[in-house]
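Pasting in a structure now, in structure tokens, and then I'll have a few things to ask.
For the single chain, residues carry numbers from 1 onward in sequence order. Basis for what follows: all heavy atoms, side chains included, without hydrogens, waters or symmetry-related copies. Counting starts at 1 for both ligands and their atoms, in listed order.
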Amino acid sequence: MASVFGKPRAGSGLHSAPLEVNLAILGRRGAGKSALTVKFLTKRFISEYDPNLEDTYSSEETVDHQPVHLRVMDTADPDTPRNCERYLNWAHAFLVVYSIDNRQSFEGSSSYLELLALHAKEMQRGYPALLLANKLDMAQYRQVTKAEGAALANRFGCLFFEVSACLDFEHVQHVFHEAVREVRRELEKSPLARPLFISEERALSHQGPLTARHGLASCTLNTLSTVSLKEMPAVAQAKLVTVKSSRAQSKRKAPTLTLLKGFKIF
Ligand SMILES: Nc1nc2c(ncn2[C@@H]2O[C@H](COP(=O)(O)OP(=O)(O)OP(=O)(O)O)[C@@H](O)[C@H]2O)c(=O)[nH]1
């Protein structure tokens, strides 16, 4: 039987151990990373977030009848990729978000995709990345065509979706679940590859920092040379918030109080 993370794979359904998936959301400020994350977790659209908070959330999902323990890191890089090791070393897959009404955010997403491609090359394994064109509801202010988004995604071999954090939940959920499926496909190709358990010494530092070759501010990969699980860089200002069940929350079955991006959500 094929296995995922050393555990029996789905198909056996409800009784199989959950697949653990870490997902990092990347993109320029204002692209809608927090709005999409909160929409996925709570089905709600909240219009303002603290841009400096970087949170990691945890949610129990079921994807194709398989239980999945999904952790979502809503990153908060200032303008360009910064101290990227914290998510590069942690995530199994990445959602790169830009806003269709902002060309700069589209250009920013290209930098993130280049960074991820380089990371995959350095690590000699694939890291699924999905390109998300957010704010589809703002189509009248569109600065980036769908064709441009699709072409960029195609260049980096990633899936592409146009979404909106303030339109239907199902589409946003579909995108997050697609990321899980991509991780599963990648594991089927190379089941032993797990970014969380890099423990052996790796001679990457001689290749020089990512910045030097790529022009990405403060973003170096040379710390990977000695990284181990214990040494994983802490998520800056992260609070781990467990969202028991987004569906239960939205139906308000229980008076759940959760802190999301500094907001209290009942
Ligand atoms: N109309 C519309 N507005 C959105 C959408 N997604 C996010 N916004 C708005 O865009 C602004 C930025 O959204 P955030 O979710 O904070 O963006 P972010 O990428 O997390 O930005 P930082 O936290 O600064 O990194 C907020 O005012 C949101 O309300 C969307 O799909 N449609």
If the cut-off is 4.0 Å to any non-hydrogen atom of Ser164, which atoms of ligand 1 fall inside it? 31 (O)
Hey, does Cys166 sit under 4.0 Å from ligand 1 if you only count heavy atoms? yes
Polar proximity ligand 1 side, Leu136 side, N/O cut 3.5 Å exclusive: no
Using a strict 4.0 Å threshold on nitrogen-to-oxygen distance, state whether Asp77 and Arg86 make a salt bridge. yes
Report yes if the side chains of Leu152 and Phe106 come closer than 4.5 Å at any heavy-atom pair, otherwise no. yes
Of all the atoms in ligand 1, which lie at a distance below 4.0 Å from a heavy atom belonging to Arg28? 19 (O)
Can you tell me how far CG of Leu115 sits from CG of Leu88, rounded to the nearest 0.5 angstrom? 5.0 Å
Pairs satisfying side chain to side chain donor-acceptor pair (under 3.5 Å), at least one member in residues 130-140, at least two apart: Asp137-Ser164
Quick one: does Phe40's side chain get under 4.5 Å of Gln173's, heavy atoms only? yes
Do Met138 and Phe160 sit in the same hydrophobic cluster, where Ile, Leu, Val, Met, Phe, Trp and Tyr count as joined when their side-chain heavy atoms come under 4.5 Å apart? no
Which bit of Ala165 is near ligand 1, meaning a heavy atom under 4.0 Å away: side chain, backbone, both or neither? both
Nitrogen or oxygen atoms of Thr75 and ligand 1 under 3.5 Å apart: no
Pick from Met138, Arg29, Lys135: the one approaching atom 5 (C) of ligand 1 most closely through a non-hydrogen atom: Lys135
What do you reckon, does Ala31 put a non-hydrogen atom under 4.0 Å from ligand 1? yes
Between Arg103 and Glu148 (salt bridge meaning N to carboxylate O under 4.0 Å), is one present in this structure? yes
With atoms numbered from 1 as shown, which atoms in ligand 1 lie under 4.0 angstrom from a non-hydrogen atom of Ala35? 6 (N), 7 (C), 15 (O)
